[in-house]
Amino acid sequence: MTLLSADHALEVCQALVDASPADETEVTLQSEEDRFARFSPEGPSQNADRERHWLSIRARLHTEAGWKEARATVGTLDEDDARAALGRAMALAGAAAPDPDRLPLAGAVEIPGSAPHRPTQDHSFREKAEWIEAAMSRCAQAELAPAGLARTTVYTRTLINSAGRVAEGALSRAHFSLTASPTDGSGDAGVAEQTHCDVTRIDVDEVISRAVDRGTRGRNPKPIPAQEYTVVLEPLAVSSLMLFLSYVGLGAEELHLKASPLVGRIGERIFPEDLQLYDDAGHVDHPGWRFDGEGTPRSRVALISDGAFGLPVTDARWARTLDLPDTGHSAPQPNSKGPAPENLVLAAGNESMEQLISGVDNGLLISQFHYTNLMEPRDMILTGMTRGGTFQIQGGKVTDSVCNLRFTQSLVEALKQVTGIGRRQEIVGALFDGEIVCPALRLDGFRFTSTTEI
Amino acid sequence: MQAVAQLAVDEALRAGADYADARVQRLSLEELAMRDGSLVGADAPESFGLGVRVLKNGAWGFAAAPGNHKDLADVAPGLARRSVKAARDLGRLRRTPVELVPQEGQVGEWYTPVEEDPFQVSLEEKLGLMRQADESMRGRDEIVSRVVNLSLRREEQWQASSDGARLHQVLVRTGAGLAAKASAHGVVERRSYPASFSGNQISGGFEVVRAMDLPGNGGRMRDEAADLCSAPLCPEGVRTLILGGSQLCLQIHESVGHPTELDRVLGHEMDLAGASFATRNHLRTLDYGSSCVNLQADSTLAGGLDTRGWDDDCVPSGSWPIVQAGVFKGYQTNREVASAVDEDKSRGCSRAESWYDPPIVRITNLSLQPGNMSFDDMLADTEDGAIFADSVRTWSIDQRRVNFQFTCEVAREIQGGRLGRLLRRPTYQGNTTSFWGSCDAICSPEHFHLWGIATCGKGNPMQVAEMTHGAAPSRFREIQFIQ
């Protein structure tokens, strides 16, 4: 057992704050227990039963010209290692130039505590083997090759600073994914996944059924031309697009640097009114850290509401610079990255998947996008490939499997063209970091620019 | 620490493992980031721990925990038992047992050649150099952000295996870079030197940073970023493309490096990163590129980020062709997958991000071998309207590594055999074998440089690895540009 009790973690952090010769000190301790089993066509291919810590010390020196600060992190809880890290932070801070824009550390806050979810923490390899066995069995029956991941992780995080701030909490995460590929290579794979903070809420059968269904129906795809289509994006596909709003774009720094879709658009009604995007670390099914890298409580922020972009998320520094409220979205400081939303929630609509599809006369149903990346930050022009099941919709019904296509599309323009929002939200991720809670979407005029043979 | 690694192996065998290896690793970094003259990132992380991997009844087990020289010996037996238990709990589901190709137990030490220990250079000197680089980007109103990065990494690893390996390695890499971001006329453009995304990293000491001459190149990046904001978009259509080395690095990485990882071909990465078009039936027959295309894998390459004595399977480094005279010749393998292409030795491409991660097949150093044309001669030999493009802006490739679309930071139109007007956001697309098949000229060795990739993501959960791709500017015919 690696996770420390809340009291023990506070004790470790407080001892370092007390020992620090810096004018101000902030100490963060994050611990993690992770157990995963990965599988491929031959069965379990890789696994790990592992744990680690990050004990991170931020040292600050005050001068008349401003604060000098730096950070050092160590991966053990050994007292000598921790004091060595404090020494490195002090040395780095001493060499730094004073920064007049840095603020003093902020003091006490009220943050609700949380504990790891015990069934998720205790979920064993034998239980994961049952998930994997079910997936392998169903894939074999359908002549599909399985690959996927069964994983449970619990984290605790404690932050203390010399100004009296104390924040602590825990996160739990369970995940199961399946990629089911035709064994004869006759098409792309079907993909499905579920993530939840409570391992007992993972519906393994549903994940398997969806992936197997997509993999089975995806055989022998037919080529179609790259052009604009009305698309129904399943939540996995929506995540590949929307998560870019958490990587870049909706933070105060990008707005200040004019490298954000918010430039000239805040408050302008350009999206359908029922498109609502929030950053919400308090989401009941997918909670995030309730405090940011400086221990400030995370606010629930309306990023898109009433058809318009809202204000950006901020941290203490950018809130002061732009005269905005501090929403509690700081990275650990000092940091070259500005504030960013980490817990995106796209509000559910009122259409079933069948209703979303029935509203399309000639279009595509897209399960997932692969390797989406940002070409241009102001209009959020993205490119990526379809993956995991792409199907034609004709006359309101899903018909043939089609070959994968590459899109090149402004996300801002795409969101203006939303004509339907699904009623069921899912917790889904993409190739890069992060997860979003989102429903399926139907969009008009989605631009595809090239094709592949499968 | 060598004794701790050996202890973990012995304990794993005692717990019933058929094979075991262990890695004790201490990882030290120094990461400095300056923006607009202020130090916005200053971190010195250190990580120390033990990872134990076993085979039991043909199934893998892995366990890892942090520690240091005081307590890892106490941690090792428990990790050994946990790794064997993981293998036992999951192993009944294996359809075929994992079998490793043979490897004699290696004993030895390996150190990255370092002229100037980067961790011994004073902070004042490092920050002074960064300030000079920052200053060199001042002077244009369009510039909204000036960033300078400096990054040092030292990885010390002790390995042992039940095949008799006892290894100690110290790998050092140093990197730096600068970037100017401009905003004007509703356009945001960035120029980076010597490469985008925090610069270039090379295996070696602080001499790497000194050789970059950051202050001598900041002004050019500032001016190009500012001028790009008023430059026309690179036009659509089919044109000749000359790629600079830093963009070729990514092209090699994404369209040759990843598809020739044999674990991808076998479906081991299908759950996230994807598969590969370069399936085993294509080996030694597929025309991967034109006859002038030679791509050599080399984990002995001086300066390479994956240059080491042995990989994490305790297999010695080596060099072999991936593409030779345009023909697909070889894969990147580890001890688990090598036999799938009837090879009796691993190519030594097994690596983990850290002690915390189980090893997987990774791209090693992989370079496009230089040709015989000077850059000036290549320009003079290229028709008007062709495009020279360099520096990665964004990239995307499908999961089989066929259809790609890459955007560079900067382009220049070729006119009269010279580099002409600036063009912004050059975006080209294609498919892998057609693209490499269209290569008709590669610049000579004096234009060949090493480009490091320090953030290659693969695996699930994702792991980061480092490798180098050497390249000289190269010419490709009939390339599709889009806007």
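Lettering of chains follows the sequences in order, A, B, ..., and the numbering in each one begins at 1.
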**Asked** If you count heavy-atom pairs under 4.5 Å with chain A, which of B/Ala59, B/Gly459, B/Ser122 comes out on top?
**Response** B/Gly459
**Message:** According to side-chain hydrogen bond (donor to acceptor under 3.5 Å, both in side chains), who are the partners of A/Glu133, at least two apart in sequence or on a separate chain?
**Reply:** B/Arg92
**Asked** Taking only residues two or more places apart in sequence or in another chain, which ones pass side-chain hydrogen bond (donor to acceptor under 3.5 Å, both in side chains) with B/Asp263?
**Response** B/Lys458
**Request:** Count the heavy-atom pairs under 4.5 Å between each of A/Leu77, A/Thr408, A/Thr372 and chain B, then report the option with the highest count.
**Result:** A/Thr408
**Message:** Return the OG1 to CG distance between A/Thr452 and B/Asn403, rounded to the nearest 0.5 Å.
**Reply:** 6.5 Å
**Fill in**
Honestly, the part of B/Leu93 sitting under 4.5 Å from a heavy atom of chain A is both
**Message:** Minimum heavy-atom separation for A/Met375 and B/Thr427, please, with both atom names.
**Reply:** CE-OG1, 3.4 Å
**Request:** Verify whether one side chain among B/Gln405 and A/Tyr371 offers a donor that lies under 3.5 Å from an acceptor in the other.
**Result:** no
**Asked** Is it the side chain or the backbone of A/Arg58 that comes within 4.5 Å of chain B heavy atoms, both, or neither?
**Response** neither
**Prompt:** What residue in B/Val98, B/Leu266, B/Leu127 has the most heavy-atom pairs under 4.5 Å with chain A?
**Reply:** B/Leu127
**Message:** Strictly distance-based, threshold 3.5 Å: is any side-chain N or O of A/Asp49 a donor or acceptor partner for the main-chain N or O of B/Phe62?
**Reply:** no
**Item:** A/Ala91 versus B/Leu123, closest heavy-atom pair with distance
**Value:** O-CD1, 3.4 Å
**Lys/Arg-Asp/Glu bridge criterion (N-O < 4.0 Å) met for B/Arg82, A/Glu51** = yes
**Stepwise side-chain contact (heavy atoms from CB on, under 4.5 Å) test for B/Met270 and A/Ser181** = CA-CA 9 Å; B/Met270 194 61 201; A/Ser181 313; 3.6 Å; yes
**Message:** Does anything in residues 32-39 of chain B reach chain A? List residues with heavy atoms under 4.5 Å apart, or say none.
**Reply:** B/Leu32, B/Ala33, B/Arg35, B/Ser38, B/Leu39
**Request:** Taking only Lys NZ, Arg NE, NH1 and NH2, and the carboxylate oxygens of Asp or Glu, determine whether A/Asp78 and B/Lys70 approach each other closer than 4.0 Å.
**Result:** yes
**Message:** When you compare the side chain of B/Val40 with that of A/Ser336, does any pair of heavy atoms fall below 4.5 Å?
**Reply:** yes
**Asked** How far apart are the C-alpha atoms of A/Arg88 and B/Glu46, what are their side-chain angles, what is the distance that settles it, and do they pass the side-chain contact (heavy atoms from CB on, under 4.5 Å) test?
**Response** CA-CA 10 Å; A/Arg88 293 199 303 276; B/Glu46 242 193 53; 3.6 Å; yes
**Request:** Verify, without hydrogens or angle tests, whether A/Arg378 (side chain) and B/Val187 (backbone) share a donor-acceptor contact under 3.5 angstrom.
**Result:** no
**Message:** Between the side chains of B/Asp398 and A/Arg406, is the shortest nitrogen-to-carboxylate-oxygen separation below 4.0 Å, so that they form an ion pair?
**Reply:** no
**Item:** Heavy-atom closest contact (B/Arg393 atom, A/Pro377 atom, distance)
**Value:** NH2-CD, 4.0 Å
**Asked** Is it the backbone or the side chain of A/Glu253 that comes under 4.5 Å from a heavy atom of chain B, or both, or neither?
**Response** side chain
**Residue part contacting chain A, namely of B/Gln483, when any heavy atom lies under 4.5 Å** = backbone
**Item:** Atom pair NE2/OG of B/His268 and A/Ser45 - distance to nearest 0.5 Å
**Value:** 6.5 Å
**Request:** Could you tell me whether B/Asp43 and A/Arg71 have a side-chain N and a carboxylate O separated by less than 4.0 Å?
**Result:** no
**Asked** When only pairs under 4.5 Å are counted, which of A/Phe369, A/Phe125, A/Phe39, A/Trp54 shares the most heavy-atom pairs with chain B?
**Response** A/Phe125
**Prompt:** Among A/Ala72, A/Gly43, A/Pro146, who wins on heavy-atom pairs under 4.5 Å with chain B?
**Reply:** A/Ala72
**Asked** Do the side chains of B/Asp357 and A/Gln46 get nearer than 4.5 Å, heavy atoms only?
**Response** no
**A/Arg50 and B/Pro358, any side-chain heavy atoms less than 4.5 Å apart** = yes
**Between A/Asp81 and B/Asn68: side-chain donor-acceptor atoms closer than 3.5 Å** = yes
**Item:** A/Phe36 side chain reached by B/Pro461 side chain, heavy atoms, under 4.5 Å
**Value:** yes
**Request:** Walk me through it: do A/Glu32 and B/Tyr356 pass the test side-chain contact (heavy atoms from CB on, under 4.5 Å)?
**Result:** CA-CA 11 Å; A/Glu32 173 182 323; B/Tyr356 186 67; 2.6 Å; yes
**Request:** Keeping to residues at least two apart or across chains, list the salt bridge (charged side-chain N to carboxylate O under 4.0 Å, His left out) pairs with something in residues 50-60 of chain B.
**Result:** B/Asp21-B/Arg53, B/Arg53-B/Asp313
**Message:** Please report the interatomic distance OG(A/Ser450) to CG(B/Asn431), rounded to the nearest 0.5 Å.
**Reply:** 9.5 Å
**Request:** Can you tell which part of B/Gln480 gets under 4.5 Å to a heavy atom of chain A, answering side chain, backbone, both or neither?
**Result:** neither
**Item:** Gap separating the CZ atom of A/Arg38 from the CG atom of B/Asp271, nearest 0.5 angstrom
**Value:** 4.0 Å
**Over all atoms of both residues, closest heavy-atom pair of A/Gly384 and B/Ser396** = CA-OG, 3.6 Å
**Message:** Measuring from atom CG of B/Asp71 to atom OG1 of A/Thr76, what distance do you get when rounded to the nearest 0.5 angstrom?
**Reply:** 7.0 Å
**Item:** Chi angles and distances behind the side-chain contact (heavy atoms from CB on, under 4.5 Å) call for B/Trp355, A/Arg52
**Value:** CA-CA 10 Å; B/Trp355 57 267; A/Arg52 63 179 165 181; 3.9 Å; yes
**Item:** Heavy-atom contact with chain B under 4.5 Å, split by part of A/Arg35
**Value:** neither
**Request:** Check whether A/Leu178 gets within reach of chain B through its side chain, its backbone, both or neither, counting any heavy atom under 4.5 Å.
**Result:** neither
**Prompt:** Of the backbone (N, CA, C, O) and the side chain (C-beta and beyond), which part of A/Ala85 lies under 4.5 Å from a heavy atom of chain B, both, or neither?
**Reply:** neither
**Complete:** If one checks every heavy atom of A/Thr73 against chain B at 4.5 Å, the contacting part turns out to be both
**Asked** Checking A/Ser124 against chain B: side chain, backbone, both or neither under 4.5 Å from a heavy atom?
**Response** neither
**Prompt:** Under 6.0 Å from the CD atom of B/Glu236, do we count more than 12 heavy atoms belonging to anything else shown?
**Reply:** yes
**Message:** Using every non-hydrogen atom in the two residues, find where A/Asp188 and B/Gln399 come nearest and quote the distance to one decimal.
**Reply:** OD1-NE2, 3.4 Å
**Fill in**
Heaviest contributor of heavy-atom pairs below 4.5 Å to chain B, chosen from A/Asp80, A/Leu382, A/Thr386, A/Leu55, is A/Asp80
**Request:** State whether the side chain of B/Thr394 and the backbone N or O of A/Leu374 hold a donor-acceptor pair below 3.5 Å, judged by distance alone.
**Result:** yes
**Prompt:** Just how far is it from atom SG of B/Cys229 to atom NZ of A/Lys258, taken to the nearest 0.5 Å?
**Reply:** 11.5 Å
**Asked** Who wins among A/Ala89, A/Gly148, A/Ala84 for the most heavy-atom pairs under 4.5 Å with chain B?
**Response** A/Gly148
**Request:** Please report the shortest heavy-atom distance between B/Arg131 and A/Ala96, naming the atom on each side.
**Result:** NH2-C, 4.3 Å
**Message:** With chain B as the partner, which of A/Glu69, A/Glu453, A/Arg447 has the greatest number of non-hydrogen pairs under 4.5 Å?
**Reply:** A/Arg447
**Request:** Pick one of side chain, backbone, both or neither for A/Ala145, based on which atoms fall under 4.5 Å of a heavy atom in chain B.
**Result:** neither
